[in-house]
Protein chains: 2
Amino acid sequence: MPERSKAETPLSADPAEATRAALVSAGLHLFGHKGFAAASTREIAARAGANVAAIAYHFGSKAGLRRACAEEVAARIGHVLGDLGAGPRPATPGEARARLRAALRAITGYLAAAPEAADLAAFLLREITEEGEVLDRLYETTVGPRHRQLCALWGLATGTDPEAEETRLSVFAMIGQVVYFRIGRPVVLRRMGDAGLDPEALTRILIRNLDAALDAALDAAIREVPR
Amino acid sequence: MPERSKAETPLSADPAEATRAALVSAGLHLFGHKGFAAASTREIAARAGANVAAIAYHFGSKAGLRRACAEEVAARIGHVLGDLGAGPRPATPGEARARLRAALRAITGYLAAAPEAADLAAFLLREITEEGEVLDRLYETTVGPRHRQLCALWGLATGTDPEAEETRLSVFAMIGQVVYFRIGRPVVLRRMGDAGLDPEALTRILIRNLDAALDAALDAAIREVPR
DNA sequence: TCAAATGATTTAATCGTTTGATTGAAGTGA
DNA sequence: TCACTTCAATCAAACGATTAAATCATTTGA
C-alpha cells in the first residue's frame with residue numbers, strides 16, 4: 001500500500017496526470033541526489049506512490065522520465081524569471097539595475113525558500129557534470145537565452161557592451177553565487193550553525209549580501225568604463 | 001592487456017602504490033562524474049588498469065575507496081592553499097587583502113588549469129549533495145578550518161568581525177564564485193564560445209574578474225563599517 | 001651465487017542480489 | 001462496453017563481493 005506522501009504534488013483532476021507529476025517530482029529528487037544511473041526505477045516509483053511500469057507507460061523509459069524532468073526544470077526556471085525581457089525596455093541605467101536586482105531576488109528567494117528548489121538545483125547540477133544530450137537541450141532552450149537577457153540588462157545598467165567577455169563572466173558570477181548557496185547549503189549551514197538559523201533568516205541575509213555584491217560589481221564595471 | 005592509460009598517475013617506485021594511486025584517480029573521476037552508486041567497481045578498475053579485486057584488496061570495499069578519494073581531496077586542498085595561516089599574522093589591512101587575493105588566485109589557477117581539478121571538484125560536489133559521512137569528515141578536517149582562516153583574513157582586511165554572519169557569507173560567496181566556474185564550465189564554455197577560448201585565456205580573464213570582485217566586496221564591507 | 005621459500009599483489013571465475021524493461025491480467029471512469 | 005491506466009510477476013544483464021590460483025619481488029640458507 002504505497003502512499004503518495006513524500007513527493008507531494010499539486011493534486012490534479014486527472015489522476016493519470018497526477019501520476020505523471022508525482023513521477024517527475026520523484027525523478028527530480030532522486031536523479032538530483034543520487035545521479036541518473038544510481039536512481040533505480042523501483043525507488044522512483046515507490047517515492048511517487050506509483051508502480052514501476054508506470055514509468056515506461058508514461059515516459060517510454062527511464063531516459064524518457066529524465067527528459068521530462070529536464071522539461072520541468074526549464075518550465076520552472078521560466079516561471080521564476082518570468083517576463084525578464086518583457087515590458088518596456090529599461091530607459092535608464094537605474095531601471096536596468098532595478099530589473100537586475102529584482103531578477104536576482106526572484107532567483108534567490110525561490111532557490112532558498114521553495115522546498116522543491118533543492119531537487120531542481122541538484123538535478124540541473126547533475127546534468128551539467130554528466131554533460132549529456134539533456135544538458136545540450138537545457139542550455140539551448142533555457143539557460144543560454146536567459147543568460148543573454150541578463151547580459152543585456154547588465155549592459156544597460158553599466159553602459160558596457162552586453163556581449164563583452166567581462167559582462168558575460170560577471171553575469172555568470174552573479175548567478176553562480178546564488179546557485180552555489182543552494183548547492184552548498186549543507187556546508188553553509190554547518191558553518192553558520194544549523195541549529196538556530198531558520199531558512200527565512202538565511203534568505204534575508206543572503207538577499208542583503210547579494211544585493212550589496214551586485215551593486216559593488218555594477219559600480220566596479222561602470223568605474224572601469226566611465227563613458 | 002589493460003593499460004594504465006587514462007588515469008595517468010605519477011609513477012611510483014612501488015608498483016602496488018601505483019595501483020592504489022591509479023584506483024583513487026579513477027575513483028575521483030567516476031565517483032565525481034557519475035555518482036558513487038552509479039560508478040561500478042568494474043569500470044573503476046578498468047579505468048585504472050587494475051583488476052576488480054584490487055579495490056577490495058587495497059581499500060577493503062568500494063566504500064573504502066570512496067574514503068580514500070576523500071582523503072586525496074583533502075590533501076590536495078591543503079596543498080593548494082598551503083600555509084594560508086602560516087607566516088607572520090598580517091599587520092595591516094593591505095597585507096591581509098594581499099593574502100586573500102593570493103589565496104583566491106591559487107584556488108582559481110589550480111581549479112582552472114590543473115587537469116585533475118575537474119574530477120576533484122566534481123567529487124566534492126557529489127559528496128555535498130549526497131550528505132554522507134564522507135562530507136562530515138571532509139567538512140570538519142578541511143573545509144571548515146580553511147573557511148575560518150579565510151574569514152580571519154577577511155576580518156583583518158576590512159576591520160570587521162571575522163565571525164560575523166556577513167563575513168562568513170561573503171567568504172562563502174567568494175569561494176563559491178570560483179567553484180561555480182569550475183563546476184559550470186561546460187555551460188560557461190558554451191556561452192563564451194568553446195571554439196576560440198583556450199583554458200589559459202579563460203583563467204586570465206577569470207582571475208582579473210575575480211580580483212575586481214574581491215576588491216569590490218572588501219571595499220563594500222569597509223564602507224559599511226567605517227571603524 | 002643461486003635455487004628454494006616466503007609474503008605481497010594480481011588474476012579469472014563465481015556467488016547471490018538488484019537492475020531496467022516487459023508482459024498480460026486486473027482495475028478504473030466515462 | 002471501451003479506452004486508458006495500474007498492477008504483480010518475470011526476464012536477462014550487470015552489480016559488489018569473494019575465492020583460490022597464479023604471478024611478482026625479496027629474502028633465505030647453504
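Owing to the predicted nature of the structure, the values given are computational and were not obtained by experimental measurement. All chains are named by letter (A, B, ...) in the order of the sequence lines, taking the proteins before the strands, and each is independently numbered beginning at 1.
Side-chain contact check for B:Arg148 versus A:Arg191: some heavy-atom pair is nearer than 4.5 Å.
Atom CZ of A:Phe59 and atom P of C:dA21 are 13 Å apart (whole Å). With rounding to whole Å, B:Lys62 atom NZ is found 4 Å from D:dG16 atom P. Rounded to whole Å, atom C1' of C:dT9 lies 12 Å from atom CG of B:Leu23. Rounded to whole Å, the distance from CD1 on A:Ile55 to P on C:dT19 is 12 Å. A:Lys34 places its NZ atom 14 Å from the C1' atom of D:dC15, with the value rounded to the nearest Å. A:Glu17 has its CD atom 17 Å from the C1' atom of C:dT28, to the nearest Å. A straight line from CG of A:Leu65 to C1' of C:dG20 spans 13 Å, rounded to a whole angstrom. If you measure from atom OH of B:Tyr57 to atom C1' of D:dA21, you get 15 Å, rounded to the nearest angstrom.
Along DNA chain C, the nucleotide nearest A:Ala56 and the nucleotide nearest A:Glu43 are compared for position; the residue whose nucleotide lies closer to the 5' end is A:Glu43.
Dashed line: the shortest gap from a side-chain N or O of B:Thr41 to OP1 or OP2 of D:dG16 is under 4.0 Å. For the pair A:His58 and D:dC4, the criterion of a side-chain N or O lying under 4.0 Å from OP1 or OP2 is not met. Checking the phosphate oxygens (OP1, OP2) of C:dA12, a side-chain nitrogen or oxygen of B:Asn51 falls inside 4.0 Å.
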Evaluate salt bridge (charged side-chain N to carboxylate O under 4.0 Å, His left out) for A:Glu140 paired with B:Arg190, printing each intermediate quantity in order. CA-CA 9 Å; A:Glu140 282 167 24; B:Arg190 273 176 174 78; over 6 Å; no
Output, in order, the C-alpha distance, side-chain angles, deciding distance and verdict of side-chain hydrogen bond (donor to acceptor under 3.5 Å, both in side chains) for B:Glu127 and B:Tyr139. CA-CA 10 Å; B:Glu127 292 300 336; B:Tyr139 174 79; over 6 Å; no
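Aromatic ring centres of B:Phe31 and B:Phe36 lie closer together than 6.0 Å.
Counting non-hydrogen atoms under 4.0 angstrom, B:Ala39 reaches the backbone sugars and phosphates but no base.
Nearest to the side chain of A:Thr19, among D:dT6, C:dT10, D:dT18, sits D:dT6.
Using cut-offs of 30° and 60° on the angle between ring planes, the pair B:Phe181 and A:Phe172 is perpendicular.
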